[in-house]
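Below, chain A is the first sequence line, B the second, and so on; all start at residue 1. Predicted, not measured: the structure shown is a model, and the values here were computed from it.
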Amino acid sequence: MSISISLPDGSVRDFDSPITGFELASDIGLGLAKAAIAIEVNGQLSDISRVIDSDCEVKIITRKDEQALELIRHDAAHVMAQAVQELYPGTQVTIGPAIENGFYYDFAREEPFVPDDLEKIEVKMAEIVMADKPFFREVWDRAKALQTFRDMGEVYKAELIEALSDEEAISIYRQGDWFDLCRGPHLPSTGHVGKAFKLLKLAGAYWRGDSKNKMLQRIYGTAWRDPKELRNYLNQLEEAEKRDHRRLGREMDLFHFQEEAPGAVFWHHKGWALFRQLVDYMRARQEDAGYAEISTPAVMDRSLWETSGHWETFREHMYTTKTEDDRVFALKPMNCPGGIQVFRQGITSYKDLPKRIAEFGKVNRYEPSGALHGLMRVREFTQDDAHIFCTEEQIDEECRTVIDLIIDIYRDFGFEDVKIKFSDRPEKRIGSDLVWDRLEQALKGALEEIGRPFTLNPGEGAFYGPKLEFVLRDAIGRDWQCGTLQVDMSLPERFGAYYIGQNGQRQSPVMLHRALFGSLERFCGILIENYAGRLPLWLSPVQVVVCTITDAANDYAREVFKNLYDAGIRAETDIRNEKINYKVREHSQAKVPVLLVVGAKEIEKRTVAMRRLGGKSQEVLALSEALDTLKIECLSPLSAN
RNA sequence: GCCGCCGUAGCUCAGGGGUAGAGCGCACCCUUGGUAAGGGUGAGGUCCACAGUUCAAAUCUGUGCGGCGGCACCA
């Protein structure tokens, strides 16, 4: 019997009998054998001790490889579990995978862990790592495994074993006296975890991710190849914290929240300036794209929500109010029912379709308290909503136009990386399966025609129709869901909306629901974080501050300001009795993109000293020249097109 | 909603069973200074709310509200 193993460099090695990964590495070189921590067999990561008994492609994994991180993290989870069980006897282990940037382990224990426990656990983990116990893999008989874990009182592990299919091997990994049910693979020994790990936070997590189940205690940690990488990562976390829109919102005087209005934004003048910019921009884009803007009531009678189906499918998220005369009203959680009422006025001919009706609608949704998060998840927000009423034949083109518009608009805000998710029928839905078939087909068809890649999100559609979601990636690699496009035949029918077809008969239109920013509030949050507060000039709440060197320049500063104001630039003057250093520092920290400094020299020559945010130096320009430059730079991308 | 942590000056935070603290900010005064903090003086607090324990509660206990980190949710 001979086995031939091909290596990544293209070479092939033949062996007379099965060999382990370690033996293979030794055969290649002693240095490699020393560095080897795992192998990849036909692309599948595996223990270094694994026996190779057939022809295959093998890659020896060392600490330098990307896969090493996954192993280190997974092993760190095991080491943590052992540490926890040694420190807190009676604690049950459940699952503990490697995740992006780290790992976690879920434990079942009556008493809660407290933050101080993390330090103790870390110390114990370090001991286990120092002990450098080898990981041994064992395959157990199902009955034995079940019995063993049950005897140990590990009911969650027993449940996991029961859930494993018959053909799946029940593997156990042992590290010293401690062992765990685990699919593997693992590093050669606990020592390989190294020192670059840190426990980060405690959290609750439902068993198997289901809120009907018991809540477990999760401990999150991070682990890296070496302390330098760890430090790097921790710095990254700090940096991310600095661009947190909630912190910047306060520092830049954009908005605030307070107890009496949980999940609702108090927009300050500067934040509102940003918000208004977004609305102005979108309004112009939509007008160009043939939309007509409307506005509909915030509070409407219950009967309308019963007709729309919201009362049935969405009620727990709706704010309602009962009036003196015993009528029940609801605060709108969506704009679509209102939009349909406008469409229903008068008689629409097929010649009038498509009708694109837009609304910057403020909606209120009673979100679970734990979901609230700054501007990103609120209970009251504004959608750049629109409803396109069209014929079934027009779905395709309208969808394609919307998709193009979204992509184009995101680009104007600096987001190039946009992903699309396609969601089909959910369990809780209205409308017949036949209609769902047609709508899903139509939406998917439009997407395919455009030729943009998309991923499938089964069962995640809206209750009235399938949808697309547009996910953009920000400057530090986080994904945000913003735009959405939904196809709907149910609501128009429910409300008896119709148009007169070519044959003179009433027809029910198709309704496309779409939002591009999604929530204006959230989009503001995303922009703030994406730019770390340094918004592009056209979006900046304060574009220019005119700073004086001494109060002899006050009049000139006012004149410069007047010029800026007349040019439509959002400007302020700073004529306080402070040194220029102080003013520069303060406005720089407030992320003002342009400072114009004026003193005696500038007055005399009618110039300004322009300093840009982040710049080290300044440029002295004639006032008129500075105005011309700024006028152009402050324009929104709209005018540039 | 669930688990854990937290709530003290405008902000960031220290303290802690018996007159409430710092830095920054703010006000006033001095200073008119050329590109990331000039100096001095001063004002500012129902220590989240309610209940309980106690001679005495900002401090301990409970409940509520809110925030933070996760989980679940995001139609």
Side-chain angles (χ1 to χ4, degrees), chain A residues 104 106 109 111-118 200-220 241 244 246-247 250-251 253 256-263 308-310 312-318 333-334 336 363 365-374 376-379 423 426-430 460-465 467 469 481 484 486 513 518-519 522 547-554 575-590 595-602 609-620:
Chain A
Y104 68 79
D106 286 346
R109 177 183 181 231
E111 210 180 321
F113 290 112
V114 298
D116 283 347
D117 292 335
L118 295 187
L200 297 177
K201 54 198 172 195
L202 291 165
Y206 296 107
W207 168 237
R208 302 208 144 169
D210 188 335
S211 60
K212 289 196 274 296
N213 290 341
K214 223 188 124 186
M215 183 155 276
L216 307 169
Q217 299 190 62
R218 177 172 295 180
I219 302 179
Y220 280 98
E241 205 175 306
D244 188 315
R246 292 165 300 183
R247 172 206 276 248
R250 194 182 333 102
E251 287 174 358
D253 191 20
H256 84 269
F257 290 91
Q258 65 187 53
E259 287 197 13
E260 293 83 350
S308 71
H310 285 84
E312 197 188 334
T313 49
F314 201 64
R315 187 154 166 220
E316 71 265 36
H317 298 285
M318 287 166 71
M334 293 188 198
C336 30
V363 295
R365 301 178 182 181
Y366 184 76
E367 300 284 359
S369 58
L372 303 180
H373 180 93
M376 303 305 193
R377 192 80 183 272
V378 287
R379 285 182 174 157
S423 303
E427 264 178 51
K428 220 173 168 183
R429 61 176 182 265
I430 55 177
E460 297 292 319
F463 71 81
Y464 43 72
K467 70 176 177 190
E469 284 169 339
Q481 194 208 298
T484 173
Q486 303 161 9
H513 306 239
S519 148
R522 165 178 248 244
C547 300
T548 49
I549 301 279
T550 71
D551 54 18
N554 288 359
I575 58 174
R576 291 175 304 169
N577 178 13
E578 297 291 350
K579 291 197 172 185
I580 192 63
N581 290 309
Y582 185 90
K583 294 183 184 180
V584 166
R585 176 181 155 85
E586 197 174 90
H587 298 302
S588 299
Q589 281 184 338
L595 299 184
L596 295 183
V597 177
V598 293
K601 284 184 270 179
E602 285 75 19
M610 182 153 77
R611 180 191 171 104
R612 301 200 182 244
L613 183 58
K616 287 262 182 291
S617 61
Q618 51 279 340
E619 185 186 7
V620 179

Would you mind pulling out the nucleotide paired to B:rC5, Watson-Crick or G-U wobble, both distances under 3.5 Å?
B:rG67
Mind checking if A:Ala205 touches a base, just sugar-phosphate, or nothing, with heavy atoms under 4.0 Å?
sugar-phosphate
Could you check whether A:Ser211 gets within reach of a base, just the sugar-phosphate, or nothing at all, counting any heavy atom under 4.0 Å?
sugar-phosphate
From NZ of A:Lys212 across to P of B:rG1 the rounded distance in Å is 18 Å
For B:rG23, give its Watson-Crick or G-U wobble partner with both distances under 3.5 Å, or none.
B:rC11
Who pairs with B:rG17 - Watson-Crick or G-U, where each distance is under 3.5 Å
none
Using a heavy-atom cut-off of 4.0 Å across all strands, would you classify A:Pro368 as base, sugar-phosphate, or nothing?
base
Comparing nearest nucleotides in RNA chain B, the 5'-proximal residue of the pair A:Arg365, A:Asp210 is A:Asp210
C1' spacing across the pair B:rC55 / B:rG17, given as an integer number of angstrom
11 Å
Donor-acceptor contact present, side-chain A:Arg365 to main-chain A:Pro333, <3.5 Å
yes
Salt bridge (Lys or Arg N to Asp or Glu O under 4.0 Å) partners of A:Arg585, counting only residues at least two apart
none
Atom of A:Glu241, atom of A:Arg247 and distance for their closest heavy-atom approach:
O-NE, 3.5 Å
Can you tell me the Watson-Crick or wobble partner of B:rC28, both distances under 3.5 angstrom?
B:rG40
Have a look at A:Lys214 and say if it touches a base, only the backbone sugar-phosphate, or nothing, with a 4.0 Å heavy-atom cut-off.
nothing
May I ask you to say what A:His317 touches in the nucleic acid, namely base, sugar-phosphate or nothing, with a heavy-atom cut-off under 4.0 Å?
base
With sequence neighbours left out, write down each residue that passes salt bridge (Lys or Arg N to Asp or Glu O under 4.0 Å) with A:Asp244, or none if nothing qualifies.
A:Arg246
Short N/O separations, protein against nucleotides 11-13 of chain B, under 3.5 angstrom:
from   : atom 1 : to       : atom 2 : distance (Å)
B:rC11 : O3'    : A:Arg250 : NH1    : 3.4
B:rU12 : OP1    : A:Arg250 : NH1    : 3.4
B:rU12 : OP1    : A:Arg250 : NH2    : 3.4

Has the side chain of A:Glu602 got a donor or acceptor atom that lies under 3.5 Å from a matching backbone atom of A:Gly599?
yes
Given atom CG of A:Leu216 and atom P of B:rG4, what is their separation to the nearest angstrom?
13 Å
Which nucleotide, in any strand shown, forms a Watson-Crick or G-U wobble pair with B:rC50, with both distances under 3.5 Å?
B:rG62
Checking all strands, does A:Lys601 fall into the base, sugar-phosphate, or nothing category for heavy-atom contacts under 4.0 angstrom?
base
Would you indicate what A:Ala462 reaches in the nucleic acid, counting non-hydrogen atoms under 4.0 angstrom: base, sugar-phosphate, or nothing?
sugar-phosphate
Without decimals, in angstroms, what is the distance between A:Arg208 CZ and B:rC3 P?
22 Å
Chi class for B:rU54: syn within 90° of 0, otherwise anti:
anti
Given the C1' atoms of B:rA56 and B:rU19, what is the spacing between them in whole Å?
14 Å
Taking only residues two or more places apart in sequence or in another chain, which ones pass side-chain hydrogen bond (donor to acceptor under 3.5 Å, both in side chains) with A:Asp253?
A:His268
Are A:Arg246 and B:rG69 close enough that a side-chain N or O sits under 4.0 Å from OP1 or OP2?
yes
Under the side-chain hydrogen bond (donor to acceptor under 3.5 Å, both in side chains) test, which residues partner A:Lys583, sequence neighbours left out?
A:Thr548
Could you grab the distance from atom CD1 of A:Ile430 to atom CZ of A:Phe463, nearest 0.5 Å is fine?
5.0 Å
A:Ile549/A:Val597 under side chain to side chain contact (heavy atoms under 4.5 Å, CB included): CA gap, chis, key distance, verdict
CA-CA 7 Å; A:Ile549 301 279; A:Val597 177; 3.5 Å; yes
Taking for each residue the nucleotide of RNA chain B bearing the nearest heavy atom, is the 5' side occupied by A:Asp551 or by A:Glu460?
A:Asp551
Between the side-chain atoms of A:Tyr206 and the base atoms of B:rG1, is any donor-acceptor pair under 3.5 Å?
yes
Could you give the side-chain donor-acceptor pairs of residues 208-217 of chain A under 3.5 Å, partners two or more places apart or in another chain?
from     : atom 1 : to       : atom 2 : distance (Å)
A:Asp210 : OD1    : A:Lys212 : N      : 2.9
A:Asn213 : ND2    : A:Trp207 : O      : 2.7
A:Gln217 : OE1    : A:Phe113 : N      : 2.7
A:Gln217 : NE2    : A:Arg109 : O      : 3.1
A:Gln217 : NE2    : A:Glu111 : O      : 2.8

Who are the side-chain hydrogen bond (donor to acceptor under 3.5 Å, both in side chains) partners of A:Thr484, not counting sequence neighbours?
A:Gln486
When the P atoms of B:rG18 and B:rC47 are compared, how many Å lie between them, rounded to an integer?
15 Å
Please identify each residue that fulfils salt bridge (Lys or Arg N to Asp or Glu O under 4.0 Å) with A:Arg377, with sequence neighbours left out.
A:Glu367
Return the value, rounded to whole Å, for the distance between atom CD of A:Glu251 and atom C1' of B:rC24.
12 Å
Anything under 3.5 Å between a protein N or O and an N or O of nucleotides 62-66 of chain B, put it in a table, one pair a line.
none

As its Watson-Crick or G-U partner within any shown strand, both distances under 3.5 Å, B:rA72 has none
For A:Glu469, check salt bridge (Lys or Arg N to Asp or Glu O under 4.0 Å) against everything at least two apart and list the hits.
A:Lys421, A:Lys467
What's the gap between B:rG38 and B:rG66 when it is taken at their P atoms, as a whole Å value?
43 Å
Output the rounded distance in Å from CE (A:Met376) to P (B:rG69).
11 Å
Does A:Tyr104 reach a base, just sugar-phosphate, or nothing at all? Heavy atoms under 4.0 Å.
nothing
With sugar-phosphate meaning primed atoms plus P, OP1 and OP2, does A:Ala552 contact a base, only sugar-phosphate, or nothing at under 4.0 Å between heavy atoms?
nothing
Expressed in angstrom and rounded to an integer, what is the separation of A:His373 atom NE2 from B:rG67 atom P?
12 Å
With sugar-phosphate meaning primed atoms plus P, OP1 and OP2, does A:Phe463 contact a base, only sugar-phosphate, or nothing at under 4.0 Å between heavy atoms?
sugar-phosphate
By ring-ring contact (aromatic ring centres under 6.0 Å, His included), which residues pair with A:Tyr206, not counting sequence neighbours?
none
If you apply the rule side chain to side chain contact (heavy atoms under 4.5 Å, CB included), what do you find for A:Arg576 with A:Glu586, and how did you get there?
CA-CA 12 Å; A:Arg576 291 175 304 169; A:Glu586 197 174 90; 2.9 Å; yes
So, is A:Arg377 near the phosphate of B:rC73, with a side-chain N or O under 4.0 Å from OP1 or OP2?
no
Take atom CG of A:Leu118 and atom P of B:rG69, then tell me their distance rounded to the nearest Å.
17 Å
In 5'-to-3' order, the base (B), backbone-only (S) or no-contact (-) status of each nucleotide in nucleotides 35-47 of chain B, using a 4.0 angstrom heavy-atom cut-off, is BBBS---------
In whole Å, what is the span from the CZ atom of A:Arg576 to the P atom of B:rG25?
10 Å
